[in-house]
Amino acid sequence: MIRDPEDHPHLSPDDARALDALIDASFVLDAVPTALRERASRVASLLGLLDAGPAPVHETRLAESILARIDAASSPLELHPDDQDALDAYVAAGFQTQKVAASLRPRAQAIEALGSLIAETPAPAGRADLAERTFSRVLNAARPAPIPIGRATTSRFRMADLVSVAAMLLIGVSLLWPMIAAGRDRAQRLACASNFGTVASALGVYANDFSDALPTATASFGGSWIEVGKDPTRSNSANLFTLARADYASIESLTCPGYEKACRKVNCRKVMDWPQLDAVSYSYQVMGPRPRLRHTMDATAPILSDRSPVVLRAVAGQVIYPNENSPNHGGKGQGVLRNDGSLVWLSTPHLEKDNIWLPAIIEQALVVAQDQLARTGKVQGFTLIGNELPADQDAFLAP
Amino acid sequence: MSTPTDEQLFDRYRGGDLGSLRTLIDRHHDALLRFLTRLTGQPTFADDVFQETFLQIHQSSDTFDSSRRFRPWLFTIAANKARDYLRKKGRRRTLDLSAPVDAGRDGGLSFVDLLEVSIPPPDARLESQELSQRVQGVLDDMPLPLREILLLAYFQRLSYLQIADELEIPLGTVKSRLHSAVATFARKWKLIAETDVS
């Protein structure tokens with residue numbers, strides 16, 4: 001059995017020097033320098049206890065043994081020349097034994113077997129959340145460092161000093177404010193991206209458990225998907241809520257850090273949906289009568305995004321602005337999670353010409369009304385009532 | 001629908017797609033953790049170095065040459081991080097005087113003939129935790145440079161030239177070091193096997 005190297009006790013420096021001198025002198029005490037001889041004698045006596053034979057030959061046999069061991073450890077081992085050739089040929093063949101010359105193949109196979117012993121035997125797989133913790137560490141590193149707040153000192157300031165400092169602080173803050181605000185926005189976007197990463201993993205596990213389906217609250221869908229909190233068998237947000245209800249993701253991971261009014265306290269055991277529309281942070285691909293299967297969707301098809309402004313306006317009875325960005329991040333854009341697990345930041349709600357807030361039927365109608373849009377920037381007469389469904393391969397995200 | 005390559009994912013990540021980094025972490029989780037466990041000898045060390053590695057990947061993302069392959073870069077960073085970690089932890093190799101002294105030396109050189117080394121067949125070893133621990137014991141007993149090149153070669157399956165390139169050491173050194181690493185591993189494995197038999 002090989003012991004952990006940490007378990008070995010260490011000789012004192014003087015004893016170590018004496019042992020070295022004794023070994024150098026081939027265990028002939030008289031050849032050890034005088035200053036070390038007494039200690040060397042004690043070391044020799046101690047080592048002699050380990051040998052089983054009669055006293056007169058102890059030292060020589062022990063020395064030979066130790067020297068052999070030291071020699072074996074210090075001089076590199078050599079592969080048999082044929083094995084060297086086989087190893088070179090095996091590496092050159094891209095680690096494929098069948099491509100190695102027949103004469104060297106048995107030895108290459110032995111090398112391969114040795115390698116697979118190292119690479120294939122089970123090793124501890126680490127804790128389950130290692131990937132999540134690693135991702136979080138990277139995100140934290142990417143966030144701007146907090147501004148350090150110094151400790152109060154006991155020095156006394158004159159009023160003039162205080163005024164000067166206050167003035168400098170005001171100037172500094174006014175100069176830095178855009179950067180601080182940008183840093184805060186960036187931190188919120190990163191935290192939001194972390195949520196999307198968690199949801200991507202949860203969707204993967206869910207799909208694995210349910211024949212590749214995206215989460216749905218009920219099998220028989222019908223009516224208005226817009227009625228958040230009123231009828232969980234029909235609302236599209238209830239479909240997304242299924243992830244939290246079935247413990248695939250926490251409610252926090254379905255809450256955008258950039259949206260202050262988002263509902264963060266929901267008893268997932270007792271309800272099937274968020275309580276109302278303005279409590280929902282994210283919009284989800286609208287489901288049809290049957291759950292959508294991920295393999296039937298494009299890899300880049302959007303599944304989740306920051307909440308749709310179009311639905312908010314539609315529910316409030318306002319005119320919709322098709323090109324408006326999500327309000328989650330100050331209207332600057334929206335994060336979108338795609339079917340292949342990748343995350344993109346869109347500065348407009350268009351993903352390859354497909355408006356993610358609208359079903360294809362309305363987008364087609366908008367093309368007809370292009371003139372009106374060009375003139376006013378808005379379209380009258382179009383809204384969402386909750387019974388619209390996406391066409392095949394159509395991105396349409398709503399709560 | 002084609003799966004994006006590591007290099008495509010890393011490119012997307014550099015363009016601001018954080019989800020791609022998460023995919024890379026998940027994709028390399030098992031192999032990298034196994035590699036690091038073998039290299040450091042401790043699952044907890046491997047866990048720490050795994051995180052340090054991806055943190056370094058993030059910090060060095062601008063320096064990655066996108067014409068190169070991502071995986072060798074990842075594993076080389078991991079090996080460097082493991083080396084630093086072991087140095088910090090003060091792990092050093094000491095000579096185990098309780099190990100049997102090797103016999104059969106020839107003119108000052110000790111040759112290892114791989115055909116004389118008994119290796120269990122794959123079906124006998126895949127599920128054996130005990131065997132895995134023995135392999136780990138042998139690796140732990142090897143000098144770090146040899147252990148490192150052995151694991152990099154077997155986990156990466158790179159040519160000598162690629163290893164030399166990644167580790168920035170001369171080609172001749174890579175060759176002689178890998179020879180020595182295989183010989184050392186084989187010899188120590190053989191000794192363990194013989195001890196078990198006796």
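Per chain, numbering begins at 1; letters A, B, ... match sequence-line order.
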Would you mind checking which part of [X] comes under 4.5 Å of any heavy atom in chain B, side chain (CB onward), backbone (N, CA, C, O), both or neither?
| X | result |
| --- | --- |
| Ala200(A) | neither |
| Phe95(A) | both |
| Leu337(A) | neither |

Measure distances from [X] to the heavy atoms of chain A and classify the residue's part below 4.5 Å as side chain, backbone, both or neither.
| X | value |
| --- | --- |
| Ala46(B) | neither |
| Leu150(B) | side chain |
| Ile163(B) | neither |
| Tyr13(B) | side chain |
| Leu161(B) | neither |

Specify the closest pair of heavy atoms between [X] and [Y], including all atoms of both residues, with the distance to one decimal.
| X | Y | result |
| --- | --- | --- |
| Ala131(A) | Asp26(B) | CB-OD1, 3.3 Å |
| Asp17(B) | Ser342(A) | OD2-CB, 3.2 Å |
| Leu130(A) | Asp47(B) | CD1-OD1, 3.2 Å |

Approximate separation, where rounding is to 0.5 Å, of [X] [atom1] and [Y] [atom2]:
| X | Y | atom1 | atom2 | answer |
| --- | --- | --- | --- | --- |
| Arg137(A) | Ile25(B) | CZ | CD1 | 11.0 Å |
| Tyr160(B) | Leu87(A) | OH | CG | 3.5 Å |
| Thr134(A) | Leu21(B) | OG1 | CG | 9.5 Å |
| Asp340(A) | Arg12(B) | CG | CZ | 5.0 Å |

Legend entry - Glu168(B) CD: over 12 foreign heavy atoms closer than 6.0 Å: no
Inset, instruction - Against chain A, work out which of Leu36(B), Leu55(B), Thr44(B), Leu139(B) has the most heavy-atom pairs shorter than 4.5 Å and name it. - result: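 Highest number of pairs under 4.5 Å: Leu55(B).
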Inset, instruction - Begin from the C-alpha positions of Asp88(A) and His179(B) and carry the test side-chain hydrogen bond (donor to acceptor under 3.5 Å, both in side chains) through to its verdict. - result: CA-CA 9 Å; Asp88(A) 292 348; His179(B) 285 183; 2.9 Å; yes
